[in-house]
Trainee: 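This is the structure, below, for whatever I ask next.
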Protein chains: 2
Amino acid sequence: MQNRKYHHGDLRNSLIEAGIELINREGASVLSLRKVAALCGVSQAAPYSHFQSKEDLLGAMREYVIEQFMEVLETSIQDCKDQNNPRLLIQMGKNYVMFFIKNPQYFTFIFSQQCIEINLSLDGDETKNFPPFQLFKTKAVPIMNNLGMSKARVEDAIISMWATVHGLSSIATMKNVHYNKDWETKIEDIIWNIQVLAV
Amino acid sequence: MQNRKYHHGDLRNSLIEAGIELINREGASVLSLRKVAALCGVSQAAPYSHFQSKEDLLGAMREYVIEQFMEVLETSIQDCKDQNNPRLLIQMGKNYVMFFIKNPQYFTFIFSQQCIEINLSLDGDETKNFPPFQLFKTKAVPIMNNLGMSKARVEDAIISMWATVHGLSSIATMKNVHYNKDWETKIEDIIWNIQVLAV
DNA sequence: CACTAAATCTTATCAGTGTAAAGATTATTT
DNA sequence: AAATAATCTTTACACTGATAAGATTTAGTG
């Protein structure tokens with residue numbers, strides 16, 4: 001990308017992508033603004049024309065990753081014929097975990113900083129809700145209603161299921177985890193232990 | 001703690017405790033060796049007489065926290081009369097989550113760096129296994145065997161249950177999480193959604 | 001077109017960080 | 001008591017996030 005031009009042209013996006021490349025290559029803990037700038041061929045202070053702070057760039061990178069994440073989750077919905085089958089939730093959970101297994105650095109990157117807004121209740125403000133969870137909730141509520149569950153139990157079950165899938169992602173992306181089976185084929189069995197789905 | 005003596009006397013432990021105090025006060029992301037040293041009243045390079053690197057000190061702090069964590073889990077075992085009742089597992093899970101709700105900084109501190117060794121399989125090397133998981137496994141296996149489950153299903157159920165509890169801790173300790181109920185009274189309901197326990 | 005204002009980038013420069021080296025001080029061992 | 005080891009201080013270096021002042025380019029206005 002290094003051009004002799006004074007103006008880069010698309011520096012904002014380049015910084016985001018360079019940052020993500022560095023995270024995948026070296027990990028988020030050793031990421032520096034200067035490395036990102038160097039990778040884009042600009043000076044150390046150049047990023048400050050597009051981002052107020054390092055945290056601001058990290059926030060934009062996070063949004064970028066979450067968008068990719070959302071695309072993966074949405075395909076798992078479109079691939080399902082019967083939108084009322086609990087299997088849809090399993091498939092979403094599977095794709096949830098597999099996304100982080102395929103991109104191990106992303107899990108801690110997204111969740112380590114505690115800047116994510118989450119509304120666990122069924123009612124309440126959904127505008128600022130963490131999009132992946134918001135999507136899961138939207139799909140899970142009608143399916144669980146369909147199974148004749150009470151509102152309170154639906155809420156519990158949604159939290160329970162998301163916690164399982166989320167925790168599984170956390171565990172599977174740990175560096176020194178020993179598991180002698182293939183996650184892709186096993187995840188489904190593990191998620192099936194949620195009582196709701198076994199009905 | 002600041003003494004006029006040249007030798008501190010118990011600097012190694014003081015550094016660990018000061019570091020943990022700073023984590024609880026300001027968070028792990030802004031922790032520096034120099035602040036920890038200053039809090040102990042010693043020079044910036046003094047920690048290097050006891051720890052090879054910052055990461056080395058963080059490792060010792062992590063062990064310290066995990067010990068506290070283990071004590072909490074072990075009391076939940078001793079408080080249970082019937083060691084074969086699945087309720088024991090619920091109680092462990094409850095204490096697992098509540099420990100992190102009471103110490104919100106500890107979750108990311110322990111798990112964000114990926115230095116934890118975990119063996120998910122039922123057989124294999126247990127010596128270097130993450131002690132809290134190792135303890136959970138030891139207690140869960142006989143209880144689940146008692147329920148007449150196959151070895152494969154036991155393994156799945158253990159991972160499933162731990163993932164739920166672990167994920168619940170991750171979610172509950174996020175900074176901007178909105179939940180209009182009391183965790184302490186609700187956790188149990190949520191964990192009960194694991195199929196095994198509902199048998 | 002010329003001129004101005006805004007946007008973008010560079011070059012210092014700063015305080016704070018982890019870490020290493022060399023030396024000072026105290027404790028331990030012989 | 002002397003020698004050795006352990007502990008701590010001082011100094012120094014490279015790297016970091018961030019700011020300020022200035023250079024360069026682009027966009028907008030008459």
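From a predicted model like this one, the values you see are computed outputs, not experimental measurements. Sequence lines set the chain letters: A, B, ... in the order given, protein chains first and strands last, and positions in each chain run from 1.
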Trainee: Measuring to OP1 and OP2 of C:dT10, would you say a side-chain N or O of A:Ser43 lies under 4.0 angstrom away?
Mentor: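 Checking C:dT10 against A:Ser43, a side-chain N or O does come within under 4.0 Å of OP1 or OP2.
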Trainee: Tell me whether the centres of the aromatic rings in B:His166 and B:Phe111 are closer together than 6.0 Å.
Mentor: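 For B:His166 and B:Phe111, the ring centres are under 6.0 Å apart.
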Trainee: From CZ of B:Arg12 over to P of D:dC8, roughly how many Å is that when rounded to an integer?
Mentor: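 Nearest whole value for this atom pair: 12 Å.
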Trainee: Is any side-chain N of the basic residue among B:Glu17 and B:Arg12 closer than 4.0 Å to the acidic one's carboxylate O?
Mentor: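 No, this pair does not count.
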Trainee: Tell me whether the centres of the aromatic rings in A:Phe69 and A:Tyr106 are closer together than 6.0 Å.
Mentor: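 Judged by ring-centre distance (under 6.0 Å), A:Phe69 and A:Tyr106 do not meet the cut-off.
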Trainee: Can you tell me the distance, in whole Å, between the CG atom of A:Leu57 and the P atom of D:dA18?
Mentor: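 Checked: the CG to P distance equals 10 Å.
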Trainee: Pull out every residue in residues 17-28 of chain A that has a heavy atom closer than 4.0 Å to any atom of DNA chain C, ordered by number, or say none.
Mentor: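 The answer is none.
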Trainee: D:dC8 phosphate, OP1 or OP2: any side-chain N/O from B:His50 under 4.0 angstrom?
Mentor: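 Yes, because at least one side-chain N or O of B:His50 sits under 4.0 Å from OP1 or OP2 of D:dC8.
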Trainee: Is the shortest distance from a Lys or Arg side-chain nitrogen in B:Arg25 or B:Glu21 to a carboxylate oxygen in the other one below 4.0 Å?
Mentor: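 Yes, charged N to carboxylate O under 4.0 Å.
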Trainee: Whole-Å distance between D:dG17 C1' and A:Leu58 CG?
Mentor: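 Value for this atom pair: 12 Å.
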Trainee: Grab the NE2-C1' distance between B:His8 and D:dA6 for me, whole Å please.
Mentor: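 Whole-Å distance recorded here is 16 Å.
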Trainee: Looking at B:Asp189 and B:Lys181, is any side-chain nitrogen of the basic one under 4.0 Å from a carboxylate oxygen of the acidic one?
Mentor: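 The answer is no: the pair does not qualify as a salt bridge.
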Trainee: Please list all pairs passing the ring pair (Phe, Tyr, Trp, His ring centres under 6.0 Å) test where one or both residues lie in residues 19-60 of chain B, with sequence neighbours left out.
Mentor: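 Sorted pair list comes back empty.
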Trainee: Produce a footprint string for nucleotides 13-22 of chain C: one letter per nucleotide, 5' end first; B if the base is under 4.0 Å from any protein heavy atom, S if only the sugar-phosphate is, - if neither.
Mentor: B---BBBB--
Trainee: Classify the ring geometry between B:Trp162 and B:Tyr96 as parallel (under 30°), tilted (30 to 60°) or perpendicular (over 60°).
Mentor: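 Perpendicular.
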Trainee: Measuring from B:Thr127:OG1 to B:Glu117:CD, what's the distance to the nearest 0.5 Å?
Mentor: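 Rounded to the nearest 0.5 Å, the OG1-CD separation comes to 8.5 Å.
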